[in-house]
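Numbers restart at 1 for each chain; the letters A, B, ... are given by sequence-line order, proteins then strands.
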Amino acid sequence: MPVHNADIAAAFRRLADLLEIEGENPFRVRAYRNAAATVGGLPRDAAGMIADGADLSELPGIGDDLAAKIAEMVEKGSLHLLEEIETRVPPGLSDMARVPGLGPKRVKAIHDALGIDTLEALERAARKGRLRTLSGFGAKTEKNILDQLARFEGVEKRLRLIDAEHIAEPLVAYIRGIDGVKQAVVAGSYRRQKETVGDLDILVTAKDGAAVIARFVAYDEVGDIVSKGTTRSTVMLKSRFQVDLRVVPEVSYGAALFYFTGSKAHNIELRKRAIRRGWKLNEYGLFEGDDRIAGKTEEEIYEKLALPFIVPQLRENRGEIEAAEKGALPDLVSLQDIRGDLHCHTTASDGKYSIREMAEAAKERGYAYLGITDHSKSQTVAGGMSEDELAAQIDEIDALNEELDGIRVLKSCEVDILSDGKLDFSDKLLSRLDYTVCSIHGAFNLSREKQTERVLRAMDNPHFTILGHSTGRLINQRPPYDIDLEAVMDAARERGCYLELNAQPSRLDIDDIHCKMARDLGLKVPISTDAHSTDGLEMMRFGIAQAGRGWLEAKDVLNTLPLEKLLKAFGR
DNA sequence: GCCGTTTTCGGCCCGACTGTTTTCAGTCG
């Protein structure tokens, strides 16, 4: 069974958990966690890199030992050290360590004293009041553990960025209305525009932190107050979504914004950079001894550290600091660069509006073109068109283009890729289109080899242009199907095809890491909304956010091209 | 386990809050 980066990262994370419970050197533990992040964020499968003779020890945080362990995983599909530790440390302990409030030390103490190694046994012991007999544990800790166990299931899910916005916007508006609040902004993964957000980190500047926090915890939606100090507070909303608030003085705004935006890995790199210069960087500023030499803005912190400003989307320690040093940071694509949308639906299949209405909405957004991509005949549940209906739609679009001014409607179709790799319409009909978006809507469970083969075969069809939502994942609902996107991208480049970045907040497919892979391969990425209504065109901004996280510049995005060049790129 | 502008050993990011202590350990972000 081929081993993928996610498997290697999971093994390293598990190893780190178990080593930590064993009381191993915390820096060794951190090395495994860092390595998990590095491998998980690689634009290519480590297996392929090794096959190509790459030296993985050149990767940041990967030395000879970890490179050898990655090779071992790739070769054998398992890790000897992990198996060995699992014979000493019961696997249930790593589950216990995931209970909020329980860390490696407490888990070890509970296991050593009471022999507990499952969540069930932990709950029984807490109910019987056995935990409080341990030194360092009291009645309150025991109750907290019980409370956490009660809500343990179903809590872990991260919210889609769009859902987080719906919580954050009214909350920030409320905080801005509190007396004495100067600035209030959401930092964290929300500001980095990650596809999902685990909690909200809100930064406030004000003189009297305690007063602000008193009002914050009184917000209507607050369920439980987890902690409440004079500078920070954590609450759990009634929706079980966590919000952290931090109050700092205005002079520290930039430093705090930097600190709470993260990512943690990016922050640590910059702190080390400060240390090398004999300084200290924390959420209050950049300090030389007791003197604050920067901190009011993020820009001055980067400047002092001899770096150009790095936008939040790039702050993942995935090469952005090295790029900044070399003056090679990407100038990220923005909404203003987009000239049109290449994937949307109308009443001809499962959309809500006519072609004309969609085209007018696109024109209002300042677009020069809009591709109409209704479903093909196999998509019966989504009102897929018959051959005759698509033929009629082609004529309708030709006539409409005669009438419309300032926007060109492109003739296309979201054509099903059948399970054998054939396309769902005849070549003769497809040849009348400006381009196609070809998508998988069924047979998700094929093996990686078969699924990849299926798409490559479809791509052999000369009328194949864009692969729609390339992995089929639905965030928090459905995992991606197993497919070798690297092979697909290579094939797409050879054949003049493209992989879509679907901007739907539940899809964002391809993801940031694969966007970067496409960029590295020189493969332009179309960013499309898959809109089923005029409002749906608005989702473009989520695609732009994901593209930025994948380092895409305007030149890397297909639909920044003006109409003539776009048609040329389609071979028309 | 990694790494080098104090470079092959001896460091490794930094601070707030809670609960248990009575000066601090554990956890979290």
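An OP1 or OP2 oxygen of dG15(B) is reached within less than 4.0 angstrom by no side-chain nitrogen or oxygen of Thr231(A). In terms of phosphate contacts, Thr141(A) brings a side-chain nitrogen or oxygen within less than 4.0 Å of OP1 or OP2 of dT20(B). Using a 4.0 Å cut-off, no side-chain N or O of Lys272(A) falls inside it from OP1 or OP2 of dC3(B). Here Asn144(A) reaches the OP1 or OP2 of dG19(B): one of its side-chain N or O atoms lies under 4.0 Å away.
Aromatic ring orientation, Phe258(A) versus Tyr302(A): perpendicular (interplanar angle above 60°, classes split at 30° and 60°).
Among the nucleotides dT5(B), dG15(B), dG1(B), the one closest to any side-chain atom of Phe27(A) is dG1(B). Candidate nucleotides dC17(B), dA16(B), dT5(B) were compared by shortest atom distance to the side chain of Tyr284(A), and dA16(B) ranks first. Checking dC14(B), dC12(B), dC2(B) against the side-chain heavy atoms of Asp65(A) singles out dC2(B) as nearest. Listed nucleotides: dC2(B), dT5(B), dG15(B). Nearest to the side chain of Lys280(A): dG15(B).
When the P atom is used for both dG10(B) and dA16(B), the distance is 32 Å, rounded to whole Å. Of the C1' atoms belonging to dG29(B) and dT23(B), the separation is 24 Å, rounded to the nearest Å. Rounded to whole Å, the separation between the P atoms of dC14(B) and dT20(B) comes to 30 Å. Straight-line distance between the P atoms of dG15(B) and dT22(B): roughly 26 Å, to the nearest whole Å. dG11(B) and dT6(B): their C1' atoms are spaced 11 Å apart (whole Å). With P as the reference atom, dT5(B) and dC12(B) are 15 Å apart, rounded to whole Å.
For the residue pair Thr261(A) / Arg191(A), a side-chain donor-acceptor distance below 3.5 Å is found, with atom types taken as modelled. Counting only N and O atoms by type, the side chains of Gln242(A) and Asp244(A) include a donor and acceptor under 3.5 Å apart.
Atom P of nucleotide dT18(B) and atom CG of Asp147(A) are separated by 16 Å, given to the nearest angstrom. Atom C1' of nucleotide dG11(B) and atom CG of Asn25(A) are separated by 11 Å, given to the nearest angstrom. Rounded to a whole Å, the CZ atom of Phe137(A) is 19 Å from the P atom of dT18(B). With rounding to whole Å, Leu56(A) atom CG is found 12 Å from dC2(B) atom P. As a whole-Å value, the separation of Arg276(A) CZ from dG10(B) P is 20 Å. dG10(B) atom C1' lies 18 Å from atom CZ of Arg28(A), rounded to whole Å. Across the protein-nucleic acid pair, Glu269(A) atom CD and dC12(B) atom P stand 15 Å apart, rounded to whole Å. Rounded to an integer number of Å, the gap from Phe287(A) CZ to dG15(B) C1' is 12 Å.
Formation of a donor-acceptor pair under 3.5 Å by the Asn282(A) side chain with backbone atoms of Gly285(A) is found in this model.
Taking the six-membered ring where the residue is Trp, the centroids of Phe216(A) and Tyr174(A) are separated by 6.0 Å or more.
Residue Arg30(A) is classed as a base contact, given a heavy-atom separation below 4.0 Å to a base. Within the nucleic acid shown, Lys108(A) has no heavy atom closer than 4.0 Å to any nucleic acid atom. Residue Ala67(A) is classed as having no contact, given no heavy-atom separation below 4.0 Å to the nucleic acid. Within 4.0 Å (heavy atoms only), Leu270(A) reaches no atom of the nucleic acid at all. Using a 4.0 Å heavy-atom cutoff across all strands shown, Pro26(A) reaches no nucleic acid atom at all.
For the atom pair Met489(A) CE and Asp520(A) CG, the distance stands at 10.0 Å (nearest 0.5 Å).
Residues Ala97(A) and Ile21(A) approach most closely at CB-CD1, 4.4 Å, considering heavy atoms.
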### Task
I would like to know whether Glu221(A) and Lys238(A) meet salt bridge (Lys or Arg N to Asp or Glu O under 4.0 Å); could you show each step before the answer?
CA-CA 6 Å; Glu221(A) 290 302 309; Lys238(A) 287 168 183 161; 5.4 Å; no
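When each of Ser233(A) and Ile268(A) is assigned the nucleotide of DNA chain B with its nearest heavy atom, Ile268(A) is the one assigned upstream, toward the 5' end.
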### Base versus backbone protein contacts along nucleotides 22-29 of chain B [heavy-atom cut-off under 4.0 Å; B, S, -]
----SSSB
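Residue Asp512(A) forms a salt bridge (charged side-chain N to carboxylate O under 4.0 Å, His left out) with just one option from Arg192(A), Arg519(A), Lys194(A), Arg318(A), and that option is Arg318(A).
Shown here, dT8(B) forms no base pair; nothing in the strands shown gives a Watson-Crick or G-U wobble contact with both key distances under 3.5 Å.
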